[in-house]
Amino acid sequence: MQAPIEVNEALTRKISDLARIQLTDTEVTTFTTQLKDILAYVDQLSEVNVAGVEPMTHPLDPETPTREDIAAPFETDAEGKPKVLLHAPEKMYDSFQVPPIL
Amino acid sequence: MAQSNLEFKTIKKIHEAYNAKKVSPLELTQDFFKSIKASKHNAYLTVCEERALGQAKAATQTLSKSGKVPSDQFPLFGIPLGLKDVLTLDGVRTTCASKIIENYIPPYTATAVERLEKAGSITLGKLNMDEFAMGGSNENSAFGPVLHPTHEGYVPGGSSGGSATAVKAGLCVAALGTDTGGSVRLPASYCGVVGLKPTYGRVSRYGLVAFASSLDQIGPLTHDTEDAARILDVMSGHDPKDSTSAAMPKSQVLKAMTTAPDWSKVKIGVPKEYSVGGLSPDVEKSLQESLKWFEKKGAKLIPISLPHTKYAVAIYYIVAVSEASSNLARFDGVRFGVRPKDADQSPDLPTFYKRVRSNFGPEVKRRIILGTFALSSGYYDAYYRRACQVRRLVKQDFEKAFSQVDVIISPVSPSTAFKLGEKSKDPIKMYLNDIFTIPVNLAGLPAMSVPCGQDHKGLPIGLQFTTPAFQEEKLFSMAHAFEVRT
Amino acid sequence: MSEFEAVIGLEVHCQLATDTKIFCGCKARPEGGQSVADVGANANTCPVCTGHPGTLPVLNKKVLEYAVRAGLATGCQIRLKNVFARKNYFYPDLPKGYQISQYDLPICENGQLNLTLKDGTTKQVHIQRIHMEEDAGKNVHLSDFSLVNLNRACVPLIEIVSGPDMKTSEEAGAYLRALYAIVTSIDICDGNMQEGNFRCDANVSVMPKGSKTFGTRAEIKNVNSFRFVEKAIDYEIQRQIEVIKSGGKVVQETRLYDSQKNVTQSMRSKEEAHDYRYFPEPDLIPVKLEQAWVDKIKNSMPELPEQKKTRYASELGLSLYDAGVITGSKTMASFFEMAVQKLGAAAKPAANFLTGEVARLLNEENIDISQSKLRPEHIAEVVKLTQDGTISSTGAKQVIASAWKTGDPVSKIVDQEGLKQVSDVGALEPAINKVIAGFPQQVAEYRSGKEKLIGFFVGQVMKETGGKANPGMLQDLIKKKLSS
């Protein structure tokens, strides 16, 4: 049922790129081994018969909570600026500053 | 004068002391800070001295005016607490024990914390933990491990290690921790305090920095079950800001605890899968002694089967890391957090993100990569989806079991606290520590760790009580009766 | 082109006109009259929509209602149990590092849009799905850095995905106009395209005519004008054909349309094929709708453009095409209704002005009629004055052009620009006499049978009167004079 997945350093690099995590060469090797071990361990899930079983993403199954469409603006700081900017790493013109996006 | 924080331990005792004018909220708070400063446990990451003294002064004034603690209105009046550093407090640094946000100051307060402070509590500071709650020994903190409160060289357990140590070592009256796969119950068990994981949805997660959204719950670590009950009664209840919080009012556990259970009517489930060797002899002995006590009181011990137990850790390690890999994507240095100097000089965006996120610790990186893998196209069905299916089977195991029994009793951990460095090199060994605690998170059930004995080294052992969802009243009633047993 | 055919699919992102964002209580749009640009950067933000740690989404009820309305208005099936999912990727305007959207269980599926093209033929376009999601923030690019403004982050969107059913830019344009008319007339979208309320992505590919295998497609992103979408599609089809003809292969990529140069360009930021790692959003409970609630919405839906169009054609005698243009947006339809029903203008002439002169002006400036200075009073008055002969049809065009610029009342414009036609017989006689006297040869030719020359005389009298003579009257008057 399970296609054998080739866990190798190339895969580790690809995944770490996707996750925007930089790994050193040593880390790539260590992580690949650990990834292999962990995947070997979790592979036992493939022996379970899950035919007809609905995946469970919530322990509860209540009615959908919603809110009314009524404005509730968030606080500003002492100078009337948006409070979420208060401790931004870099900001300018009330915006978050990042290196140029090509 | 004896340090009041060691003399008056529990909430009830403190309120009695306040009423009898034996100590004031200000004096008590100052004593705690004295102890914190002198402690070598590394339990606290941030101490809110000015803020707490301000709260304590105000409480002292209120007390002198009213003469009596207004405990009906403010059940936690003047009680100094510690908060695991994964909970937000407006204007106070929250680090999650990680370098990536070691400078983060949240602009809002977690609902649970807000409710505690509204009930009169005093926040002493933010407690050390495994980075982003990922770990079982508090050795994964970017700011140094937490030490065991009584046994030098041992770990306190994790990820709420700072919370457990702080309570046991007299550095706060009680603490909030969080439990995703056992992170409140395990350190409680290792350190000899009470630790509760409420039913999923009982306590709001708004303001709890998410690790695994469908598993996380905030829970108290306390000296006794009564304190845990008081805290739960204050912080539980529906929160419109958390869509996963149950549409239920606050719990009323303290009241329910006053009635001891009729043990002759209680059926105790003992999972046969939990005793397939692997328990240390001391833990096995303590478990048997506890079970004998229940039998002596008239309860029936019923062997039950939770057949999917052996898959629990595997399920957890797919579901939790998958959700975590997504939850931690927001740590990108754009709007908050630490931005390393070289990040701004990045030649492109992916490099910018990588440089910022290089501040994650190794365990966090490992879990993010594992989670990213489990969700990626081609692997999603085999890993994430399948894990969610088996998760439902785990839940059904419990539902079947609870049709036969009222409570499930088990150890919290196969062993007692281990030495620093002993397990941290082998991730799989570490994961297997959580075998008894994880299934409860998967099924969303409430569970509590109550001290039940010690091993031959004097290291504490914890007994775990589990009931069906939203039956904390029953849970506390039984756990309390056990706790005060003679 | 004839050896190839194009395959076009459209994805429209429509901002919903709710007061607050989809998952938090921040304002979703500026106050009446304000533009998005008037609101200070990050003024409409909070810890939730800026992705602060520990924050959680809570669904805005109105978004559900509006999404269901959109589905019902396009004949979709409403999925009573639908699920939000996380779409994971990294970008500075995406604060959480994922977008909350819907993946395999969207709220609406399998609808259709029936289009009427310019030549009167009809076409049905399948609507595959409509799902709810949150918008991202906006990046402003400066030379040394970029700035991120999260006011738009978490604004509610519905994404409407068509099947790959269109073959020409005209069909695409008709689809977009029909969809736009619907979402504005059911009050779920403000329809301001310049503010980004209605954004189109076009997926374009070409294949040998009659082939059953689609070619590789390119995606043209974020075009916010119908005209530009049509032009971008035309350019892209040609470009792809040329690539194939010269032996190359079309690359699957994202392209942007440059309206100045009228070309599509590959986005230089190279994105590898994204792996979005969709999974059900654990912070939100699956949506469970009641059929009774959906039925209630269905029963209280305002008249749809299609119904209105058929009604205009049958009740007011408009052509289907004209009726289609008039019902092209809520604002245009109410403008017309005000002019005709409240102010009593004749329907057909009013429609002619709107689909002609007014439509041209709106297209040129790419604005909605509600943003112009024109009022229903202008059109009603122009129709009346044209019908009673006060102004000529040329004069009418001039009035409309001036009203467009100034918004002044029609009477003022007619006076100021001296557009009153001369319709008084007595006033016209001298001019007619002068012309007849001045062109004896043509008079003789006319009298000997060249009846076509009447046009010549009419033209001369118009010249003589500086264009002010009422041309409708002239023919008869001149004929009378010449035959006497």
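So you know, we letter chains A, B, ... as the sequences are listed, proteins then strands, and number each from 1.
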If I measure from the heavy atoms of chain A, does [X] come under 4.5 Å with its side chain, its backbone, both, or neither?
X         : result
Tyr384(B) : side chain
Ala343(B) : backbone
Lys365(B) : both
Phe352(B) : side chain
Ala247(B) : neither
Ser243(B) : both
Ile318(B) : side chain

How close do [X] and [Y] get, heavy atom to heavy atom, and via which atoms?
X         : Y         : value
Ser16(A)  : Ile369(B) : CB-CD1, 3.8 Å
Gly337(B) : Pro89(A)  : O-CG, 3.6 Å
Val50(A)  : Arg386(B) : CG2-NH2, 3.5 Å
Tyr311(B) : Glu47(A)  : OH-OE2, 2.8 Å
Ile21(A)  : Arg357(B) : CD1-NH2, 4.2 Å
Gly444(B) : Pro59(A)  : CA-CB, 3.9 Å

[X] versus chain B, heavy atoms under 4.5 Å apart: side chain, backbone, both or neither?
X        : answer
Asp17(A) : both
Leu23(A) : side chain
Leu86(A) : neither

Pick from [options]: which one has the most heavy-atom pairs with chain A under 4.5 Å?
options                                    : result
Thr351(B), Leu442(B), Asp90(B), Asn103(B)  : Asp90(B)
Arg355(B), Gln345(B), Lys310(B), Glu323(B) : Lys310(B)
Val356(B), Thr199(B), Val334(B)            : Val334(B)
Ser214(B), Ser325(B), Pro362(B), Pro107(B) : Pro107(B)

Trace of the side chain to side chain contact (heavy atoms under 4.5 Å, CB included) decision for Tyr108(B) with Val84(A): CA-CA 10 Å; Tyr108(B) 75 102; Val84(A) 297; over 6 Å; no
Residues of residues 91-99 of chain A contacting chain B, heavy-atom criterion under 4.5 Å, by residue number: Phe96(A), Gln97(A), Val98(A), Pro99(A)
Min side-chain heavy-atom separation Leu370(B)-Leu39(A) under 4.5 Å: yes
Pairwise side-chain contact, Phe31(A) with Arg366(B), heavy-atom cut-off 4.5 Å (strictly under): yes
Asp332(B) and Arg20(A): CA distance, side-chain angles, deciding distance, side chain to side chain contact (heavy atoms under 4.5 Å, CB included) verdict: CA-CA 9 Å; Asp332(B) 59 10; Arg20(A) 300 294 188 264; over 6 Å; no
Leu60(A)/Phe470(B) under side chain to side chain contact (heavy atoms under 4.5 Å, CB included): CA gap, chis, key distance, verdict: CA-CA 11 Å; Leu60(A) 312 169; Phe470(B) 298 107; 3.8 Å; yes
Pairs touching residues 54-67 of chain A that satisfy salt bridge (Lys or Arg N to Asp or Glu O under 4.0 Å), sequence neighbours left out: Asp61(A)-Lys288(C)
Side-chain donor or acceptor of Gln389(B) paired with backbone N/O of Val53(A) under 3.5 Å: yes
Chi angles and distances behind the side chain to side chain contact (heavy atoms under 4.5 Å, CB included) call for Asp43(A), Tyr383(B): CA-CA 8 Å; Asp43(A) 258 349; Tyr383(B) 289 103; 3.5 Å; yes
